[in-house]
A.B. asks: 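Structure provided below as structure tokens; questions to follow.
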Amino acid sequence: MEEEGNVDGQRTRRHKAELPLHHRPYVATFPLDSAESTINSDELESEQQNGYQSYGEKMTRTHSQDGGSCVWAPFTSHIDYEVARWAKLRGQGSTAFSDLLNIEGVCERLGLSYRNSRELNNIIDSKIPACRPRFKRQEILVAGEAFDVYFRDILQCVKALYGDPELAPYLVFAPERHYSDEDQTQRLYHDMYTGNWWWHTQKRLENDKPGATIIPILLSSDKTQHTLIYMTIGNLPKEIRRQPSRNAQILVGYLPTTKLEHITNKAARRRCLANLFHACVRHIVEPLVEPGKDGIPIASGDGVLRRGHPLLACYIGDYPEQLLVTGMKTGECPKCDIPSTELGSKDLPFEMHDLHQILDALALVDEDPSQFAKACRDAGVKPLYHPFWQELPHCNIYNAITPDVLHQIYQGLLTGEAEIDARCKRLPPNHNIRLFMKGISVLSRVSGTEHQQICRFLLGLIIDIRLPDGASPARLIRAVRGLLDFLYLAQYPCHSDLTLELLSGALNRFHDNKSIFVDLGIRSSFNLPKLHSFRHYVSMIRMFGTTDNYNTEYTERLHIDLAKDAYHATNHKDEYMQMTLWLERREKMLWHAKFIQWRLHNWRRTSSCPSITLTKHPSVKRVTLASLADQYGALHFQAAMARFVVQLMQPGLTARQSEEAACHVNLPFQSVAVFHKVRYSIVGDDGLLNNVTIDAIHARPARRDCHNRRVPARFDTALVNLGNGGKMGVEGYRVAQVRVVFSLSANVKRALFGNVSVPDHLAYVEWFTPFTTPDINHGMYKVSRALYDGERQSSIIPIRNIRRSVHLIPKFGAVAPL
């Protein structure tokens, strides 16, 4: 009973902590009215216009004599524009496109103003204005050798994002403090403007230069075959920044990827590589120094001018990139001074790296080399030559390094072994679960997505696993649950002071039980930088908002578009010039497409409202009642249908009366139309469906594929709303297995229900037992088949009552069965 009380207490605390996250916050605005002041200057009046209006004037000046009044200009018609847009955003390559247009009669019948890729490129280059700066090439000298860096004017990139008219409604210009209670005692953290960094920096700026509007710069790098530097601004909500379709991330530089193999001394080579990186990035961020100090007039997309101060707030990268940026050594924390031999400590005190001491040491770079090296060694930093952040105002790079959920948690967590593999192979299918039919130990290079999928079922796999010498798996379960709880809590889109306490508590549970991994011989120590980084998560969330503000996963997704696709579009010779030109043309077409939509007033907003959708026509038009029992397992379909009719027509009857009345119901049909899949999609505010499927439920019998191979039956389990289910928790819900999704004809509906409204689609489900108290160690619920006199309990329900799919993990026992 004590354990049940403990787990109930944990659930209650978590529910209490999460409940305020679903309500509108109490907002405290920044107390100084001078913050984010607008500029009203006659000298700057010409700049105060909508971004699309400015773009339209450029278009008119560019080609006013050859069709500037056409809505599709510089293209001659709708088809002319759509083909060009397809070629640059969806096409298979310039050669293939030219070959297509060379087919006799294609250009004439479509009325195209270009005959090949070269002519289309000429139109884009000469007649469509650039809204983002072009790339430049600059030689960087390091250790007597010249390297090419391709970059953009980062200040113009800031202006392009800040002045984008499509993004203007979402811009935030001043910090706020959000609270979950009216007394303002419990802080809330979500977007960057709710964190402490913006608030404190705004205070300092208002003391020096009142009327400032901070433009937080978020830099991120991704080093693979090509090293790319991206930037975005914190004035945009995180929901906007993380959508590739919004184009809120700008590629500002391609960095050299040399390995300097001609330098034989490894230490000298590493030092030169670090100096090369900092020299290149310093060249990119140099335009931010003076505007960061004094501010510049900058217009948002609605034409309003403010004095903006672009300041580097966050640098986003994986652990090697964090070390490269901060000048720390491998095995050290890039943020604090904790000894490398104590990285696995749960509560050893630490201090953040002393920026002033490090800057004083780095300032001796032009003095005696031995004195410079000693000063850097005493400060705990590598002897860097003018790191890029040295002159940036209001920048503490050791605070700016942000948590990396993708690499620090997902890719630093998991291993596999034979018993785990056996259990992986026996998991039931689900839309949101990937099945690893060969296990997970065979995976060599595991992606972030694969790690996410593994984490979804890992805890269920180890619940009753057999450990050596008959050891109890309780500590293993608690350790893994603590780490998984930390992982999912760390990714909350909104945090409060209470949920941050839960985050710290989850990490403490892992530390309290992590010795099981030593006892099992899995690890000898826990001095891992990634593990220590978890101790910084709470402070970073308080400083910069939740972790989805600075997730490396977003830029890794962009790497596909801006590096891989760009590289494939080249002839692989002198590729950087071709890649930058390809990207510039692509951005021009994206911006021009938005401009045309603005001119046509054809805006479409989207929301996250889920909607249940089925195919227009059933998967099988007629399935007999006998086939429902034989092929779909719906053994008691007729009895369940009779009960459904009685409950709908006579809702006031007791359960016993309903059973008696159901015995007298005659079903006027011998077959039904059956659907094999239910999709949950996103619906826009305009009522149009999005193609994104966020969940799906399958209910289909075994079949043969096109190669005559047997495909096993699949009947998914789902969470069913009993009528009082809420947005949180499992109260008011019950698990059921969906056997049949079907519809009744209009004639059958009239015969059974008369004028009573009946849902178009129904489902035959088999119930599992109700939820009880979750387990004390792993926190999961145990359910089993609900039986009555040895038969499975079943019902007919409207599919709208099915909230979502749910994945049940089998009880394997000590060893998974073969």
Side-chain angles (χ1 to χ4, degrees), residues 427-433 456-457 460 610 612-614 619 623 625 628-629 631-648 651 655 658-659 662 672 674-680 694-701 712-744 758-774 780-811:
L427 289 174
N430 180 273
H431 176 79
N432 294 300
I433 297 292
R456 292 180 181 182
F457 55 73
I612 299 176
T613 58
L614 292 93
S619 306
V623 178
L625 300 183
L628 289 179
Q631 299 178 21
Y632 292 80
L635 301 178
H636 308 291
F637 181 88
Q638 297 180 68
M641 188 68 208
R643 288 195 301 271
F644 177 75
V645 173
V646 171
Q647 290 166 3
L648 199 62
S658 295
E659 288 292 337
V672 293
V674 173
F675 300 81
H676 287 169
K677 184 178 180 180
V678 180
R679 277 200 316 134
Y680 293 78
I694 59 174
D695 197 6
I697 294 173
H698 297 257
R700 54 170 173 74
R714 177 173 173 181
F715 300 102
D716 289 351
T717 47
L719 205 60
V720 178
N721 191 337
L722 301 178
N724 57 338
K727 294 182 178 180
M728 298 172 55
V730 296
E731 185 177 352
Y733 289 94
R734 192 169 171 183
V735 176
Q737 184 175 30
V738 181
R739 284 287 180 177
V740 184
V741 177
F742 65 98
S743 63
L744 300 174
V758 182
D760 291 333
H761 300 95
L762 304 170
Y764 173 89
V765 300
E766 294 177 344
W767 295 105
F768 284 75
T769 53
F771 292 108
T772 56
T773 303
M780 300 176 73
Y781 293 93
K782 296 180 181 179
V783 295
S784 58
R785 292 281 185 184
L787 304 177
Y788 182 76
D789 289 340
E791 299 287 343
R792 296 179 180 180
Q793 294 184 16
S794 57
S795 298
I796 301 289
I797 62 171
I799 65 164
R800 63 170 178 260
N801 290 2
I802 301 177
R803 179 72 172 83
R804 56 161 300 159
S805 68
V806 65
H807 192 234
L808 300 186
I809 297 178
K811 181 176 174 59

A.B. asks: Between atom CD1 of Ile809 and atom CZ of Phe457, what is the distance when rounded to the nearest 0.5 Å?
C.D. replies: 8.0 Å
A.B. asks: Name all pairs fulfilling the ring pair (Phe, Tyr, Trp, His ring centres under 6.0 Å) condition that reach into residues 720-743, sequence neighbours left out, sorted by first residue then second.
C.D. replies: Phe637-Phe742
A.B. asks: Could you list the residues that satisfy salt bridge (charged side-chain N to carboxylate O under 4.0 Å, His left out) with Glu659, not counting sequence neighbours?
C.D. replies: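 Salt bridge (charged side-chain N to carboxylate O under 4.0 Å, His left out) list for Glu659, sorted by chain: Arg643.
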A.B. asks: Applying side-chain contact (heavy atoms from CB on, under 4.5 Å), name anything that partners Gln631, two or more places apart in sequence or on another chain.
C.D. replies: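 side-chain contact (heavy atoms from CB on, under 4.5 Å) list for Gln631, sorted by chain: Ser627, Pro701.
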A.B. asks: On the ring face of Phe715, is Arg739 found with NZ or CZ under 6.0 Å from the centre and within 45° of the axis?
C.D. replies: yes
A.B. asks: For the OG1 atom of Thr772 and the OH atom of Tyr781, what is their distance to the nearest 0.5 Å?
C.D. replies: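 Reported value, rounded in 0.5 Å steps: 8.5 Å.
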A.B. asks: Can you run down the side chain to side chain donor-acceptor pair (under 3.5 Å) pairs that involve residues 715-731, sequence neighbours left out, and say none if there aren't any?
C.D. replies: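 As it turns out, the side chain to side chain donor-acceptor pair (under 3.5 Å) pairs with a partner in residues 715-731, which skip direct neighbours, are Arg714-Asp716.
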A.B. asks: Any donor and acceptor pair, going by atom type alone, linking the side chain of Gln737 with main-chain N or O of Val765 inside 3.5 Å?
C.D. replies: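 Checking the backbone N and O of Val765 against the side chain of Gln737, no donor-acceptor pair under 3.5 Å is found.
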A.B. asks: Tell me, please, which residues at least two apart from Ala696 pass side-chain contact (heavy atoms from CB on, under 4.5 Å).
C.D. replies: His431, Lys677, Thr693, His698
A.B. asks: Which residues satisfy the salt bridge (charged side-chain N to carboxylate O under 4.0 Å, His left out) test with Arg700, sequence neighbours excluded?
C.D. replies: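 Not a single residue meets the salt bridge (charged side-chain N to carboxylate O under 4.0 Å, His left out) criterion with Arg700.
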A.B. asks: For Asn432, which residues count as a side-chain contact (heavy atoms from CB on, under 4.5 Å) partner, sequence neighbours excluded?
C.D. replies: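 Expected list: Asn430, Arg456, Asp695, Arg804, Ser805.
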A.B. asks: Could you work out, with side-chain contact (heavy atoms from CB on, under 4.5 Å) as the rule, every residue matching Ala629, not counting sequence neighbours?
C.D. replies: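 Scan of Ala629 (side-chain contact (heavy atoms from CB on, under 4.5 Å), adjacent residues dropped) gives Leu635.
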A.B. asks: Using the side-chain hydrogen bond (donor to acceptor under 3.5 Å, both in side chains) criterion, which residues pair with Glu791? Sequence neighbours excluded.
C.D. replies: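 With sequence neighbours excluded, Glu791 shows a side-chain hydrogen bond (donor to acceptor under 3.5 Å, both in side chains) to His636, given in chain and number order.
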A.B. asks: Sequence neighbours left out, what passes ring-ring contact (aromatic ring centres under 6.0 Å, His included) with His676? Give chain and number order.
C.D. replies: Tyr632
A.B. asks: Holding to salt bridge (charged side-chain N to carboxylate O under 4.0 Å, His left out), I want the full list of residues that pass it with Arg785, two or more places apart in sequence or in another chain.
C.D. replies: Glu766
A.B. asks: Apply ring-ring contact (aromatic ring centres under 6.0 Å, His included) to His761 and list each qualifying residue two or more places apart in sequence or on a separate chain.
C.D. replies: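 His761: ring-ring contact (aromatic ring centres under 6.0 Å, His included) contacts with Phe675.
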